[in-house]
Amino acid sequence: MYKRTHTCGELRKSNVGEVVSLNGWVNTVRLHGQVVFVDLRDRYGKTQVVFDTESFSGDFEAVKKLSMEDVLSIRGTISDRDETAINPNIDTGEIEVAVSEYIMLNEASPLPFVLNDRENAEENLRLKYRYLELRMDELQHNILTRHKTYQATRGFLSDNNFVEVETPVLMKSTPEGARDYLVPSRIHNGKFYALPQSPQIYKQILMISGYDRYFQIVKCFRDEDLRADRQPEFTQIDIEMSFVDENEIFFHMEGMTRHIFKSVQNIDLPDPFLRLTYAEAMETYGSDKPDLRYEMRLKDVKEFTDVSEFNAFKSAAVVKGLVVEGGAKYSRKIIDELTNHVKKYKAKGLAWMKAEDGVFMGGISKFFSDELQQSMFEKLSVNHGDILFMIGDNASIALNALGHLRVDIARREKLFSNDQFIPVWITEFPMFDYDDETERFIAMHHPFTAPRDEDVEKLDSDPSNALSRGYDLTMNGNEIAGGSIRIHSPKIQEKVFSLLGLSQDEAVEKFGFLVEALTYGAPPHGGIAFGFDRLVMLLAGTDNIRDVIAFPKTTSATSIMDQSPSNVGIDQLNELGILIKKTE
C-alpha cells in the first residue's frame with residue numbers, strides 16, 4: 001500500500017502537477033476503449049482517477065476488471081480536466097489523477113445491493129449488511145452529524161462548568177418505568193445487576209456529593225415494547241444542577257440547544273424558547289409534544305353540539321373540533337381513512353361538516369340549525385371550502401385522537417417545512433397518572449419529581465390534581481428532552497413513594513441509599529436528559545432513528561448483522577445458576 005498523501009476529497013486545481021497517493025474504494029468504473037475512468041471514494045469525498053494506456057504501464061486487462069467496492073491504492077499525477085468534463089457537483093470536479101501504478105488491496109465480492117441508492121433494498125437486508133450501508137453518503141453524513149453533536153455538546157457544557165462523570169453500567173434493579181435488562185452475577189449466584197434505564201439516582205447522589213453541575217453522554221437500556229422511534233439501547237445527554245429553579249435550567253439548556261444547532265447545521269433557533277403548560281398544550285393541540293410549525297388549533301364545540309339535534313355527543317364530557325382549511329375537497333374515501341386513523345386512538349368515530357357558501361353541508365350538518373351554523377362560522381373562524389371535524393368523548397380520548405388527526409392532516413397537506421425548527425417547553429405536568437388495572441398512582445415523570453410548592457398539600461388532600469415541577473423540551477412534534485426539579489426533602493420523597501404504593505420498607509429496599517443520602521444535607525437540585533438519538537435525527541433531517549445509529553436494532557430488538565440476541569451454551573448457564581423455562 002502506498003502511504004496516503006491526500007484524501008479523496010482534498011485535491012483541488014492548485015494541486016495540478018503534484019504526484020500523489022490515494023487510498024479508497026472504487027465507487028464507479030467507466031470503460032472508454034484504452035482509457036478507464038474510476039471514481040475513488042473515501043469518507044472525505046471522491047476523486048476521478050484515470051488509467052490510460054499511454055501513461056499507465058501496468059496490467060491494463062486487470063484494470064478493466066475492476067468492480068465496485070474494490071479497495072485500491074494508487075499513485076499518479078494530478079492534471080486539469082477538460083473543460084467539458086468538469087463536474088461542478090463535487091469539490092474535486094476540476095481535476096483528475098493520471099494513474100502511474102496501483103495496488104489492489106482487497107477485491108470485493110459481488111454486492112448484495114447497489115450502494116448508490118438506499119431505496120433499492122429492503123431495510124432488513126441493509127441492516128444485515130450494515131457495514132456496507134454505512135459506506136453510503138446519507139449514512140456517512142448522519143454519523144458525522146452525530147459526531148459533531150457530541151463535540152458541540154461537550155464543548156458547551158465543559159465551557160459552562162459542567163463536570164463529566166461516568167456512572168455505573170451495572171446497578172441495582174429498581175421499580176417504576178420500563179422493564180430492566182438484567183445481568184446475572186456469577187460470583188453472587190442467584191443475584192442480578194440491572195442495566196441502567198437512566199443514571200437518575202446516581203446523578204442525584206452526585207448533587208448530594210457537592211458536584212453542582214454534572215453531565216454525561218450515556219447509554220441507557222429499557223426492555224420495553226418497541227416502536228419505530230425507539231431502541232432497546234439508546235443515548236442520553238444526562239444533566240443535573242444544584243441550587244437552581246426551572247428558569248435557570250431552561251436558560252442553560254436553551255443555550256446548549258442553540259449552540260448545537262448553530263455549530264452542527266448553522267441553524268439559528270429562537271431566543272427564548274416558547275413555553276406552554278401541559279394543560280394548554282393538550283387543550284390547544286391535543287399533544288404534550290405539539291408541532292408548532294403550523295396552526296390548526298383544537299376548538300371547543302360542546303356549546304354548539306349541546307344545543308344541536310345531534311344526540312350522540314350530548315353525554316360526552318368534552319367535544320372538540322378541528323377546522324381544516326380547504327378540507328371540503330376531501331372525498332368520502334379520505335374521510336373514511338381519517339376516521340379509521342382516529343379509531344386507533346380509541347375514538348368511537350369522527351363527525352364532520354363541510355363549509356360551502358356560508359353553510360355546513362354533508363356529514364352531521366342536518367342536525368344544526370341555520371342560526372346555530374352561522375354562530376359556528378363566526379366563533380370558530382370557518383371559511384368557505386373548510387371542513388370541521390369533531391370528536392366527543394372523555395377529555396383524554398377526544399384530545400389525543402384529534403391531536404393525532406391534526407398531525408396526520410398536516411402531513412397530508414404538507415403544512416410544514418423540514419427546514420423549520422420551533423422548540424417549546426411543556427411545563428406543569430400532573431404529578432401522577434392513575435392505573436386502573438393496578439388501582440394505584442404511577443409517576444408521570446419518575447418518583448423523584450418534585451410537586452409545585454403550592455401543590456405540596458395536595459399530596460395529602462387531592463393527589464390526582466397535584467401538578468409537578470416536571471418539564472419537557474419538544475420540537476416539531478418530538479420530545480427531545482425531559483426533566484424536573486427533584487425532591488430534596490426526605491419527608492416529601494417518603495410521601496410520594498407511599499402514593500406510588502411503596503411501603504417504607506419497600507422504599508428502603510429499592511431506593512435505600514438515595515433515601516438515606518437525602519437526610520445528609522441534600523441541596524435543591526434538578527436536571528434534564530436529552531434523547532441524543534432523536535436530537536441527531538432532527539439535525540440530520542431524517543425521520544428514522546435507526547438512520548443515525550451506527551449499529552441499530554430492529555423494532556423487534558434484534559440485530560440482524562450479528563444475530564443477537566442468541567442462545568448460549570448449557571455450561572455457561574449452569575455456571576450462572578440459570579435454568580431456561582420455555583414460554584408459550
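We count residues from 1, following the sequence as given.
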Are Arg213 and Phe162 in a cation-pi contact, defined as NZ or CZ under 6.0 Å from the six-membered ring centre and within 45° of the axis?
yes

So that I can tick it off, tell me whether [Y] and [X] are bridged by a salt bridge, with the cut-off set at under 4.0 angstrom between side-chain N and carboxylate O.
X: Glu254; Y: Arg258; value: yes
X: Lys458; Y: Asp455; value: yes
X: Asp245; Y: Arg469; value: no
X: Asp472; Y: Lys289; value: no
X: Asp533; Y: Arg146; value: yes
X: Asp159; Y: Arg154; value: no
X: Glu133; Y: Lys128; value: no
X: Arg546; Y: Glu123; value: yes
X: Glu224; Y: Arg179; value: no

Decide yes or no for [X] and [Y]: does some side-chain heavy atom of the first lie under 4.5 Å from some side-chain heavy atom of the second?
X: Leu115; Y: Leu132; answer: yes
X: Leu276; Y: Thr427; answer: no
X: Asp180; Y: Gln197; answer: yes

Counting neighbours of [atom1] on [X] that are heavy atoms of other residues, nucleotides or ligands and sit closer than 6.0 Å, is the number greater than 12?
X: Asp543; atom1: CG; result: no
X: Lys219; atom1: NZ; result: yes
X: Tyr131; atom1: OH; result: yes
X: Tyr181; atom1: OH; result: yes
X: Lys148; atom1: NZ; result: no
X: Tyr150; atom1: OH; result: yes
X: Phe513; atom1: CZ; result: yes

Under a 3.5 Å cutoff, is there a donor and acceptor pairing between the side chains of [X] and [Y]?
X: Asn120; Y: Asp117; result: no
X: Asn394; Y: Ser396; result: yes
X: Asp212; Y: Ser242; result: no

Backbone of [Y] reached by a side-chain donor or acceptor of [X] within 3.5 Å:
X: Arg534; Y: Glu479; result: yes
X: Arg186; Y: Glu575; result: no
X: Arg440; Y: Leu500; result: yes
X: Gln493; Y: Phe448; result: no
X: His147; Y: Ile143; result: no
X: Thr558; Y: Thr554; result: no
X: Glu280; Y: Thr277; result: yes

Who passes salt bridge (charged side-chain N to carboxylate O under 4.0 Å, His left out) against Lys203, sequence neighbours left out?
Asp238, Glu240

With sequence neighbours excluded, what pairs up with Arg135 under the salt bridge (charged side-chain N to carboxylate O under 4.0 Å, His left out) test?
Glu69

Where do Lys320 and Glu283 land on the salt bridge (charged side-chain N to carboxylate O under 4.0 Å, His left out) test, with the steps shown first?
CA-CA 9 Å; Lys320 285 284 186 174; Glu283 287 287 336; 2.9 Å; yes

Are His188 and Phe192 close enough that their ring centers fall under 6.0 Å?
no

Does the gap between the ring centers of His525 and Phe243 come in under 6.0 Å?
no

ring-ring contact (aromatic ring centres under 6.0 Å, His included) pairs, two or more places apart, involving residues 467-509
Phe250-Tyr471, Phe497-Phe511

Salt bridge (charged side-chain N to carboxylate O under 4.0 Å, His left out) assessment of Arg406 paired with Asp291
CA-CA 9 Å; Arg406 176 179 178 269; Asp291 192 335; over 6 Å; no

For [X] and [Y], work out which heavy atoms get closest and say how close.
X: Asp393; Y: Lys348; answer: OD2-NZ, 2.9 Å
X: Tyr202; Y: Met171; answer: OH-CB, 3.3 Å
X: Ala281; Y: Ile426; answer: CB-CD1, 4.0 Å
X: Thr153; Y: Phe532; answer: OG1-CE1, 4.4 Å

Can you tell me how far the [atom1] atom of [X] sits from the [atom2] atom of [Y], to the nearest 0.5 Å?
X: Ser173; Y: Tyr193; atom1: OG; atom2: OH; answer: 13.5 Å
X: Arg297; Y: Thr284; atom1: CZ; atom2: OG1; answer: 6.0 Å
X: Ile249; Y: Leu473; atom1: CD1; atom2: CG; answer: 12.5 Å
X: Asn465; Y: Met431; atom1: CG; atom2: CE; answer: 12.5 Å

One pair to check against salt bridge (charged side-chain N to carboxylate O under 4.0 Å, His left out): Glu337 and Arg412. What are the steps and the verdict?
CA-CA 12 Å; Glu337 290 174 0; Arg412 287 171 179 265; 3.1 Å; yes

